[in-house]
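Along the sequence shown, residues carry numbers from 1.
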Amino acid sequence: MLLAGCDGHSSATTPKPNQLRGVTLHRDYSNARLVLEVALHNTTTDPAALAPPFIRLLDGAGKQIPPFFLAFNQPPSLAPGETGIHELAFWLEESDLADELWLHVADAQRIAVKNARPFNLESIDNQTSCDLTGTDWAGTQPQLPAR
C-alpha cells in the first residue's frame with residue numbers, strides 16, 4: 001500500500017484519490033513531525049484547504065492531532081473536483097504513537113495511517129527522518145530516506 005522512500009513527485013497518470021502514498025517521520029526529541037504524502041480528491045463544490053476541518057488526523061480515541069505548519073505558510077488547497085498529490089504534516093507527541101492513526105478526508109473517508117501497536121520513538125535517532133511502510137510501524141524497520 002505504501003511506498004518507502006517517496007520522492008514527492010506525482011506520476012504521469014491521474015492518482016487514485018484519497019490514497020496514502022508515503023509516510024515520513026522526523027523525530028524532534030520527544031515529539032515527531034509526521035509527513036504524509038496523500039493523493040486527495042475534493043468532492044465538494046468549494047475550494048478546500050488541506051487542513052481541519054477538511055483534513056483531520058485522529059487517533060483511535062478520536063483525539064485530533066494538530067497539523068504542523070509554519071506561520072508564513074498557508075496549507076495547500078484543492079479546487080472543486082480537483083485531485084492532487086500533497087504532503088500534509090502533523091505534530092505528534094510521543095504518546096500519539098501508542099495508538100492507531102487515521103486520516104479523515106472531508107469526514108467522508110478514513111485512511112489508515114498507523115495500526116494500534118505502539119511505536120517506539122526512541123527507535124529513531126533524534127533529529128533524524130525515516131520512511132515508514134504499511135500501517136504496522138512497530139513491526140517494520142524504519143528506513144532512512146534516500147538522499
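Between Leu40 and the choices Val105, Thr83, Ile85, the side chain to side chain contact (heavy atoms under 4.5 Å, CB included) rule is met once, by Val105. Of the candidates Thr24, Ile124, Val35, Ser129 forms a side chain to side chain contact (heavy atoms under 4.5 Å, CB included) with just one, namely Thr24.
A donor-acceptor distance shorter than 3.5 angstrom exists from the side chain of Asn18 to the backbone of His41, with no hydrogens or angles considered. Side-chain N or O atoms of Asn115 include none that pairs as donor or acceptor with a backbone N or O of Glu100 at under 3.5 Å.
In this structure, Leu57 and Leu101 have side chains that are in contact, with non-hydrogen atoms separated by less than 4.5 Å. Counting only heavy atoms from C-beta outward, the side chains of Tyr29 and Leu121 never approach each other to under 4.5 Å. For the pair Ile55 and His104, the minimum side-chain heavy-atom distance is 4.5 Å or more. By the 4.5 Å heavy-atom criterion applied to side chains, His86 and Leu78 are counted as neighbours. Between Phe54 and Asp46 there is no side-chain heavy-atom pair separated by less than 4.5 Å. Two residues are said to be in side-chain contact when any heavy atoms from C-beta on lie closer than 4.5 Å; Leu36 and Leu20 meet this criterion. When side chains are defined from C-beta on, Glu122 counts as touching Arg27, because their heavy atoms get closer than 4.5 Å. In this structure, the side chains of Phe69 and Gln74 stay at 4.5 Å or more apart for every pair of heavy atoms.
Under a 4.0 Å N-O distance rule, the pair Asp28/Arg33 does not qualify as a salt bridge.
Listed here is the closest heavy atom pair of Ala49 and Ser77: CA-CB, 4.0 Å. Asn120 and Ser123 get closest at one heavy-atom pair: O-OG, 2.7 Å. The nearest pair of heavy atoms linking Pro67 to Pro52 is CG-CD, 3.7 Å.
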Below 3.5 Å, can you tabulate the donor-acceptor pairs from side chains in residues 90-99 to any protein atom, sequence neighbours excluded?
unit_1 : atom_1 : unit_2 : atom_2 : d
Asp96  : OD1    : Lys63  : NZ     : 2.7
Asp96  : OD2    : Glu93  : N      : 2.8
Asp99  : OD2    : Gly60  : N      : 3.3

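In the hydrophobic clustering of this structure, Ile65 groups with Ile111; members are Ile, Leu, Val, Met, Phe, Trp, Tyr whose side-chain heavy atoms approach within less than 4.5 Å, directly or through other members.
Arg21 contributes atom CZ, which lies 11.0 Å from atom CD of Glu87 (distance to the nearest 0.5 angstrom). Atom CG of residue Asp131 and atom CD of residue Glu37 lie 10.0 Å apart, to the nearest 0.5 angstrom. Note: Leu88 CG to Phe68 CZ = 13.5 Å, rounded to the nearest 0.5 Å.
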